[in-house]
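Note sheet for the following structure.
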Amino acid sequence: MPLLSTMRKTSMSNPSPKPPTAKAMGYAPPNTGIFSFLPPSWTPYAELMRLDRPSGYYAFYWHYLIGLSFASCIASPAPTLMTLTLHSAYLALWVLILRGAVCTWNDNLDQDFDRKVARTRFRPIARGAVTTTQGHIFTLLQTIVGGLMLVQLPASVSVYAAIMTIILTIYPLGKRLTDFPQVILGFGFAVPIFMCCAVLNVDPLLQADALDGTETDVLDVSAGGACLYGASVLWTIIFDTVYAHQDIRDDVKAGVKSLAVRLGDQTKPTLAFLAAIQVGLLMATGYLWIAGATGCNMPCSGNALETCGGGNRINIFINTAYLYLYPANPSPTLPQNYIYQGCYQEAA
C-alpha cells in the first residue's frame, strides 16, 4: 500500500505534459501594416481574411478588373473613367469581404488537413486561436455584409454573386472527393467576367436585350464573353496548380487531393497545353468583339472618343436642325432594297 500511495502521489504531481503552443512551435503573429494597430484579439480574424497575404487577393480581384474592362468595351455609350473608377473601388472592397468569407469557410472545413501541412498548420482555426463555431459565425457575418453591399447594384449582379458563392463553398469539398479542386476554383473565380458586365447593365447572358446591334452582333459578343470566361478559368487552374506544388508532399501524407498530386511530373506539359488553349480563347475573344460589338461602336479614325460604323456598316444620325416634312408619294420605280424615308428641308 505505501508503494501504491507513493505511485499515486507521483502520478498526481506529474501530470501529462501539455501539447506545445503555436508560439513554442515557432509561430509569430503578423505585426506589419494593418496588424500593427489591430487589437490582439482581432488578429486571428484578420488572418482568416488573409489580410496578411494580399497576393491571393490580387489573384481574385484581377478577374473583376478584366470583367469591367470587357464590359466597358461592349457598352454603348462607353462608361466614363469616373464611373469605372468608382465601380472598381467598390468591387475592390466587396472582394475583400467575399474573400474573407470564402477563406474562413475553407479554413474551418480544412482545419484537420491544415494541422498536417507545414505551410498551413498555424492558421487561426488550425492552431486553436479561433474555434469552429466562431469561424462559422464570422463566415456568416461576412456573407451578410457582402450581400448588403450588392443591394444597390443591378439585380443580376446578385444572381452571379450567388452562383459564385455556391461554387466557392463547394471548393473545399473538392479536395476530398476529386482530384480537380483547381477546376472548381477556376469556375468560381471566373464568374466576375459576367458579373461585372451586369454591373454596367451589358450582361450578354441575362441582359442580352440591353446590347446594341443585330442578333448576330449580340451572339458574337456573348460568344466572346464565353471565351473570356474560359480563359479566366484556365488561368486560375494553371496558377493554383503551380501554387499547390509547394504542399505536394504534405498533401500526399494528409490525403489531400489536387491536380498537383494527380499530375505529378506531367504538370509542366499539361499546364503548357492549357496555357496554349487560354491564349487561343483570348484571341477568339478579341476577334468576336471586333466582329460583334465594334460593328457599330468602332472608335472613329478622326476622333476616338466618337463611335462610327465598322466594316460594311454605317451609323445614321438625325440632326434637329432639319425639319421633317409630310412624306410625298415616292416613285414606284425605286431600285431594289430601297425604302422611301420622307422629304427633309434644311431649317432657316
Side-chain angles (χ1 to χ4, degrees), residues 30 33-34 45-71 84-110 119-120 123-124 138-139 141-150 153 157-175 180-200 225 228-244 246-247 258-260 274 278 282:
I34 190 174
Y45 294 96
E47 287 181 279
L48 284 175
M49 296 180 70
R50 303 289 197 274
L51 297 185
D52 56 330
R53 300 179 181 277
S55 58
Y57 174 85
Y58 302 145
F60 200 176
Y61 182 56
W62 179 248
H63 297 275
Y64 290 81
L65 293 180
I66 295 175
L68 283 175
S69 299
F70 178 71
L84 285 177
T85 301
L86 291 176
H87 281 311
S88 298
Y90 194 76
L91 289 174
L93 179 59
W94 187 79
V95 171
L96 187 71
I97 302 299
L98 175 67
R99 181 182 178 236
V102 171
C103 289
T104 304
W105 170 258
N106 179 82
D107 287 4
N108 230 344
L109 267 62
D110 283 356
R119 183 179 60 86
T120 60
R123 285 179 175 174
F138 190 49
T139 300
L141 291 176
Q142 292 176 96
T143 304
I144 293 174
V145 171
L148 292 175
M149 290 181 67
L150 297 177
L153 298 175
V157 175
S158 296
V159 174
Y160 284 115
I163 293 173
M164 177 170 52
T165 301
I166 291 173
I167 295 174
L168 296 178
T169 299
I170 296 173
Y171 164 68
L173 303 178
K175 305 173 188 178
F180 307 100
Q182 283 75 24
V183 177
I184 299 174
L185 188 68
F187 280 110
F189 267 32
V191 170
I193 299 300
F194 293 115
M195 178 178 170
C196 290
C197 289
V199 170
L200 296 182
L228 185 58
Y229 176 82
S232 296
V233 170
L234 291 177
W235 184 78
T236 300
I237 293 174
I238 292 169
F239 91 75
D240 198 56
T241 301
V242 173
Y243 183 76
Q246 65 182 316
D247 300 327
S258 72
L259 266 178
L274 294 181
Q278 181 194 10
L282 291 173

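The nearest pair of heavy atoms linking Gly188 to Pro192 is O-CD, 3.9 Å. The heavy-atom pair separating Thr139 from Ala101 by the smallest distance is CG2-O, 3.7 Å. The two residues Arg99 and Met49 have their closest heavy-atom pair at NH1-O, 3.7 Å. Considering every non-hydrogen atom in both Tyr45 and Phe138, the closest pair reads O-CE2, 3.6 Å. Across every non-hydrogen atom of Val233 and Ala190, the tightest pair is CG2-CB, 3.6 Å. Shown here for Ala59 and Phe239, the closest heavy-atom pair between the two residues is CB-CZ, 3.8 Å.
For the atom pair CG of Leu68 and NE2 of His87, the computed distance is 7.5 Å after rounding to the nearest 0.5 Å. For the atom pair CG of Asp240 and OH of Tyr171, the computed distance is 5.0 Å after rounding to the nearest 0.5 Å. To the nearest 0.5 angstrom, Leu148 atom CG is 11.0 Å from Thr143 atom OG1. Atoms CG and CD1, on Leu173 and Ile184 in that order, are 8.0 Å from each other to the nearest 0.5 Å. To the nearest 0.5 Å, atom CD of residue Gln142 and atom CG of residue Leu96 are 8.5 Å apart. With values rounded to the nearest 0.5 angstrom, Cys196 atom SG is found 5.5 Å from Leu91 atom CG.
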Exercise for review: Using the side-chain contact (heavy atoms from CB on, under 4.5 Å) rule, take Phe189 and Ser232 through it: C-alpha gap first, then chi angles, then the decisive distance, then the call.
Suggested key: CA-CA 8 Å; Phe189 267 32; Ser232 296; over 6 Å; no

Practice item. Step by step, work out the side-chain contact (heavy atoms from CB on, under 4.5 Å) result for Leu109 and Trp105. Key: CA-CA 6 Å; Leu109 267 62; Trp105 170 258; 3.7 Å; yes

Check your understanding: Yes or no on side-chain contact (heavy atoms from CB on, under 4.5 Å) for Arg50 and Arg123, after CA distance, side-chain angles and deciding distance?
Key -> CA-CA 10 Å; Arg50 303 289 197 274; Arg123 285 179 175 174; 3.2 Å; yes

Check your understanding: Can you check side-chain contact (heavy atoms from CB on, under 4.5 Å) on Tyr243 and Gln182, steps first, answer last?
Key -> CA-CA 10 Å; Tyr243 183 76; Gln182 283 75 24; over 6 Å; no

Point to revise | Full working for ring pair (Phe, Tyr, Trp, His ring centres under 6.0 Å) between Trp62 and Tyr58 | key: CA-CA 6 Å; Trp62 179 248; Tyr58 302 145; over 10 Å; no

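The closest donor-acceptor contact from the side chain of Glu47 to the backbone of Pro124 lies at 3.5 Å or more, if one exists at all. Judged by distance alone, with hydrogens and angles left aside, the side-chain atoms of Tyr61 form no donor-acceptor pair with the main-chain N or O of Leu93 at under 3.5 Å. Judged by distance alone, the side chain of Tyr160 and the main-chain N or O of Ile193 form no donor-acceptor pair under 3.5 Å. Put simply, the side chain of Trp94 never gets that close to the backbone of Leu150: no donor and acceptor are under 3.5 Å apart. Checked by atom type and distance alone, the side chain of Gln278 never pairs as donor or acceptor with a backbone atom of Leu274 at under 3.5 Å. Between the side chain of Tyr90 and the main chain of Met149, a donor-acceptor pair closer than 3.5 Å is present.
At least one side-chain heavy atom of Phe60 sits less than 4.5 Å from a side-chain heavy atom of Leu168. Leu65 is listed as a side-chain neighbour of Ser88, based on a closest heavy-atom distance under 4.5 Å. Taking the side chain as every heavy atom from C-beta outward, Thr120 and Asp107 never approach each other to under 4.5 Å.
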